[in-house]
Asks: 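Have a look at this one before I ask anything.
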There are 2 protein chains.
Amino acid sequence: MKQGADLQTLVGYRVQRANLLMETDARAALSDFDLSPAKMTALILIRDNPGCDQTALGRALSINRSSAMKLVNILADKGFVERRPGRDLRTNALALLPEGARQLEKMVAAVRRSDARMTQRLSADELATLHDLLARLGPATGLSDDEG
Amino acid sequence: MKQGADLQTLVGYRVQRANLLMETDARAALSDFDLSPAKMTALILIRDNPGCDQTALGRALSINRSSAMKLVNILADKGFVERRPGRDLRTNALALLPEGARQLEKMVAAVRRSDARMTQRLSADELATLHDLLARLGPATGLSDDEG
DNA sequence: TATTGTTATACTCTATAACTATA
DNA sequence: TATAGTTATAGAGTATAACAATA
């Protein structure tokens with residue numbers, strides 16, 4: 001199939017194809033854990049932000065609180081995270097449980113191996129450049145990607 | 001929300017965030033057309049590969065022929081593409097209809113504006129570098145190791 | 001009034017399996 | 001046997017709308 005200039009010159013298209021490639025491999029790397037890359041990301045965020053609430057987690061993942069609810073249900077059903085009393089009576093404080101921490105360590109190692117394999121044709125300098133360029137995508141007025 | 005080194009150093013994570021950013025903006029740019037960026041891509045592929053069959057279209061989009069079927073149904077229902085007799089009695093030859101071509105031209109222009117806005121902080125050289133680096137993601141090629 | 005969690009519901013996208021008709 | 005299209009069904013992921021409890 002021919003893919004002409006209209007597609008090849010769109011950065012969004014190239015990013016989408018790259019994402020599909022990376023995501024598919026990362027998902028395969030996690031097949032033993034029955035968790036998607038996105039759910040691993042959620043575990044990392046909970047680990048690194050202990051006591052965060054579901055709405056904040058959703059915001060960090062760019063999903064709404066209803067979707068975050070489902071996500072936390074799945075992680076809680078697996079015994080990986082726990083809902084604890086939060087800063088007021090409305091909010092949950094999310095906590096990573098020991099079993100979640102153990103499994104997460106293995107998951108991150110597996111995904112890191114996948115990431116390394118998929119980027120092995122790039123030098124360290126090129127990888128740094130790629131990180132920088134990706135981080136600078138977005139409208140001119142926008143802030144960095146971890147800004148609320 | 002803190003996003004520690006585990007996330008920030010994964011290329012797959014950065015690509016996923018970049019894709020979400022680009023895809024969301026492109027989707028908004030297409031809101032008048034009631035078609036997703038992926039469906040616009042399908043229209044482009046049909047336009048640039050007239051007479052292709054549904055299975056080949058699916059392969060180019062990395063979806064299976066059942067999913068390609070649904071996609072073509074939607075594009076056909078809108079009067080944008082047509083199934084014509086193919087090279088044998090099993091296959092369809094997909095064709096972009098005049099109305100599809102007219103709308104596609106506007107869609108590509110809108111997505112191109114979105115793409116330009118989301119990449120405006122990158123110079124022409126940097127854009128070329130980004131294209132190159134994204135294209136080089138994936139497992140090592142060319143040698144006997146685990147090439148399929 | 002606004003916010004958090006929750007539930008119910010629905011939509012998009014994709015996949016698998018099976019069937020048909022061709023090859 | 002293998003392939004293209006098709007259909008039915010299912011699953012993941014997400015969204016909206018509403019509600020209760022709380023702020």
Asks: Under 3.5 Å, is there a donor-acceptor pair between the Gln16(A) and Asn19(B) side chains?
Replies: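 There is no such pair (donor and acceptor under 3.5 Å, judged by atom type) between the side chains of Gln16(A) and Asn19(B).
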Asks: Looking at every non-hydrogen atom in both residues, tell me the closest pair between Val15(A) and Leu137(A) and how far apart they are.
Replies: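 Residues Val15(A) and Leu137(A), closest heavy atoms: CG2-CD1, 4.4 Å.
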Asks: Separation of Leu89(A) atom CG from dT4(C) atom C1', in whole Å?
Replies: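 Atom CG in Leu89(A) sits about 11 Å away from atom C1' in dT4(C).
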Asks: Report which part of the nucleic acid Thr55(A) touches: base, sugar-phosphate, or nothing (heavy-atom distance under 4.0 Å, all strands).
Replies: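 Touches sugar-phosphate only.
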Asks: What is the separation between atom CG on Leu57(B) and atom C1' on dC13(C), rounded to the nearest whole Å?
Replies: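 So the two atoms are 15 Å apart, to the nearest Å.
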Asks: State whether a side-chain donor-acceptor pair under 3.5 Å links Arg83(A) with Asn73(A).
Replies: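 On atom types as modelled, these side chains qualify, holding a pair under 3.5 Å.
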Asks: Determine whether a donor-acceptor pair (one donor, one acceptor, N or O, separation below 3.5 Å) exists between the side chain of Ser66(A) and the base of dT7(C).
Replies: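 Present.
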Asks: Answer with base, sugar-phosphate or nothing: what part of the nucleic acid does Thr91(A) contact at a heavy-atom distance below 4.0 Å?
Replies: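 If one applies the 4.0 Å heavy-atom cut-off, Thr91(A) turns out to touch the sugar-phosphate alone, with no base involved.
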Asks: I want to check one thing: is the phosphate of dT6(C), taken as OP1 and OP2, less than 4.0 Å away from some side-chain N or O of Arg83(A)?
Replies: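 Answer yes for this pair, as a side-chain N or O of Arg83(A) is under 4.0 Å from OP1 or OP2.
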Asks: Under 4.0 Å: is that the gap between some side-chain N or O of Ser67(B) and OP1 or OP2 of dC13(C)?
Replies: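 So the side chain of Ser67(B) is outside the cut-off, no N or O lying under 4.0 Å from OP1 or OP2 of dC13(C).
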Asks: Base, sugar-phosphate alone, or nothing: which one does Asp88(A) contact when heavy atoms must sit under 4.0 Å apart?
Replies: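 Sugar-phosphate: the residue Asp88(A), judged by heavy atoms under 4.0 Å, touches backbone atoms but no base.
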Asks: If you compare every side-chain N and O of Asn64(A) against the phosphate oxygens of dA15(D) (OP1, OP2), does one of them come in below 4.0 Å?
Replies: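 So the side-chain polar atoms of Asn64(A) do come within 4.0 Å of the phosphate oxygens OP1 or OP2 of dA15(D), strictly under.
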Asks: State whether the distance check finds a donor on one side and an acceptor on the other, under 3.5 Å, for side chain Arg90(A) versus base dG5(C).
Replies: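 No pair found.
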Asks: Going by distance alone, is a donor N or O of one side chain under 3.5 Å from an acceptor N or O of the other, for Arg112(A) and Thr9(B)?
Replies: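 Arg112(A) vs Thr9(B): donor-acceptor pair found between side chains.
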Asks: Nearest-Å distance, CZ (Arg87(B)) to P (dA4(D))?
Replies: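 So the CZ-P distance, Arg87(B) to dA4(D), works out to 7 Å.
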Asks: Just checking Asp53(B): base, sugar-phosphate only, or nothing, at a heavy-atom cut-off of under 4.0 Å?
Replies: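 Sugar-phosphate, no base atom in range.
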Asks: Expressed in angstrom and rounded to an integer, what is the separation of Asn19(B) atom CG from dT14(D) atom P?
Replies: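 Value for this atom pair: 13 Å.
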Asks: Is it true that, when you exclude Glu99(B) itself, more than 12 heavy atoms of the residues, nucleotides or ligands shown sit nearer than 6.0 Å to its CD?
Replies: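 Yes, the 6.0 Å shell around CD holds more than 12 heavy atoms from other groups.
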Asks: For Arg59(B) and for Arg65(A), find the nucleotide of DNA chain D with the closest heavy atom, then tell me which residue's nucleotide is more 5'.
Replies: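 Going by which nucleotide is closer to the 5' end, it is Arg59(B).
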Asks: Between P on dA23(C) and CG on Asn92(B), what's the gap in Å once rounded to a whole number?
Replies: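 So the CG-P distance, Asn92(B) to dA23(C), works out to 13 Å.
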Asks: Provide, to the nearest angstrom, the distance between the CZ atom belonging to Arg27(B) and the C1' atom belonging to dA15(D).
Replies: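 The answer, rounded to whole Å, is 12 Å.
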Asks: For Ile74(B) and dC13(C), give me the distance from atom CD1 to atom P, rounded to whole Å.
Replies: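 Between P of dC13(C) and CD1 of Ile74(B): 7 Å.
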Asks: Given dC13(C), is OP1 or OP2 found less than 4.0 Å from the side-chain N or O atoms of Lys39(B)?
Replies: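 For dC13(C), OP1/OP2 do have a side-chain N/O of Lys39(B) under 4.0 Å.
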Asks: Expressed as a whole number of angstroms, how long is the span from Glu23(B):CD to dT12(C):C1'?
Replies: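 Interatomic distance, CD of Glu23(B) to C1' of dT12(C): 11 Å.
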